[in-house]
Amino acid sequence: MQHPHPHPAVRLDRVSKRYAGAAADAYAVDGITLDIAQGEFFSLLGPSGCGKTTLLRMTGGFADPTAGSVLLDGEDVTGLPPDKRNVNTVFQSYALFDHLSLADNVAFGLKRKGIARAEIRRRVADMLDLVQLGHLPDRKPPTLSGGQRQRVALARALVNRPQVLLLDEPLAALDLKLRRQMQVELKQIQREVGITFVFVTHDQDEALTMSDRLAVMNEGRVEQCGTPEDVYERPTSGFVASFMGTSNLVAGTYRAGEVVPDEGGPALPVGPRSDVADGSRVSLSIRPEKIWLSDFEPGMAKLSGIVRETVYSGPTTTYFIELAPGVTVSVLEQNTIRSRMEDRWSGGEEVEIGWKPEHCLVLDRPAARLPGTDRRNTS
Ligand SMILES: Nc1ncnc2c1ncn2[C@@H]1O[C@H](COP(=O)(O)OP(=O)(O)OP(=O)(O)O)[C@@H](O)[C@H]1O
Ligand SMILES: [Mg+2]
């Protein structure tokens, strides 16, 4: 029996892009190979300028790769224009027709394809219902909110039933609350229609909550590709560890189950690592929510430090704790009903912290200072 989808929805094979006029070695996209499965919600995540839009434009046919090929459902489409690919794109600027009603905006592509009027009417109505705008078919885009306009743009792309939908930071213009709401709605819609989504964002939380898998990009390359849990819990580089949320990164040297920080101070227990040679330059990575401040359990490593700063942010409080001059870790605590404000530290107290060695990652690269990280200098 033949599998209904023997091919990945999108295959990028050693795709590179150097823009005309750029320096000989300045690649916006530098040899990316990636398979995106049928029906997958796949995100491209990375800092500004890392090549996300360029990669999406090459997938959609809006830019030609300098090298490599793009395959859609097994067919090589490299060099084909956008309208010859079974792909639709939702750009950050929604580009709606302001003088047309919502229904006519959504119907636009179908009319150009010469589809029968009754069918157009039915598909447009279904699509407006799907994005919860079925009650406003006659409104014009300028009278809508940002989130509603976003949903029209989505309906207009989905109504063509593309095999793949490319979305370039579609929620970036929305305020945080609307954005969170649209994230949930977008994900629901994707599940209902079963179309492959390739979603560009530079928002880590957004990529983690929405994606089946994601690729973390840096300087034109994919640093790591996997499920949200893979890249968050098991980052393979210091870049990914610090770009995906907040991580404590301490540069040092691995020796017999400990990392000796470059900055000095006590050795930090990480447990024995068979894959790391003694004397290797490493960076230790541990998430702020994986460090205990009380209720220690057996087998934990314990260290003492001084509370240097306390940051209250509603449901959580972050403590910055100095283990030695130049070695400060952040610790995140949930503000549960049990925690009492008067117990909180204000700074200067000597405290004990604990962690489980298995929660420490030992990465084989020195920690780099990166944009988007949340490390604070509390000296
Ligand atoms: N038309 C162009 N001509 C020359 N260089 C370009 C062009 N478009 C993008 N670049 C460069 O290519 C690199 C990647 O740009 P790209 O737009 O793909 O990044 P991005 O990851 O989408 O960033 P952002 O998050 O800011 O949208 C950048 O260095 C950018 O300056
Ligand atoms: Mg971009």
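Each ligand, and each atom within it, is numbered from 1 in the order the structure gives. No experiment lies behind these values; they were computed from the predicted model shown. Basis for what follows: all heavy atoms, side chains included, without hydrogens, waters or symmetry-related copies. Index from 1, following the sequence.
The shortest heavy-atom contact between Gln150 and Val90 is NE2-CG1, 3.8 Å. Closest non-hydrogen pair, Lys52 versus Val200, comes out as CB-CG1, 3.6 Å. Closest non-hydrogen pair, Tyr254 versus Ala277, comes out as CD2-O, 3.7 Å.
Distance remark: protein heavy atom not present below 4.0 angstrom from atom 31 (O) of ligand 1.
Summary of contacts: the protein heavy atom closest to atom 26 (O) of ligand 1 is Ser48 OG, 2.5 Å. Scanning all protein heavy atoms for the shortest distance to atom 25 (O) of ligand 1 gives Lys52 NZ, 2.8 Å. Protein heavy atom closest to atom 5 (N) of ligand 1, with residue, atom name and distance, is Tyr19 CD1, 3.2 Å.
The aromatic rings of Phe97 and His99 sit perpendicular to each other, their planes meeting at more than 60°, with 30° as the lower class boundary.
Residue contact annotation: Glu169 has a non-hydrogen atom under 4.0 Å from ligand 1. Residue contacts with ligand 1 include Gly51, since one of its heavy atoms falls under 4.0 Å from the ligand.
One finds a salt bridge joining Asp104 and Lys111 here, because a Lys/Arg side-chain nitrogen approaches an Asp/Glu carboxylate oxygen to under 4.0 Å.
The side-chain heavy atoms of Val70 and Arg85, taken from C-beta on, include a pair separated by under 4.5 Å. A heavy-atom distance below 4.5 Å is not found between the side chains of Asn86 and Asp73.
For ligand 1, the polar-atom distance check against Gly49 finds a nitrogen or oxygen pair separated by under 3.5 Å.
Side chain to side chain, Asn335 and Thr317 meet the donor-acceptor criterion of an N or O pair below 3.5 Å.
Distance check for Thr54 against the Mg ion (ligand 2): none of its N/O/S atoms falls below 2.8 Å.
Nearest to atom 13 (C) of ligand 1 by heavy atom, out of Pro47, Gly46, Ala63, Ala28, is Ala28. When the heavy-atom distances from atom 22 (O) of ligand 1 to Leu44, Val200, Thr53 are ranked, the shortest goes to Thr53.
Listed by atom number, the atoms of ligand 1 under 4.0 Å from Thr54 heavy atoms are 14 (C), 15 (O), 16 (P), 18 (O).
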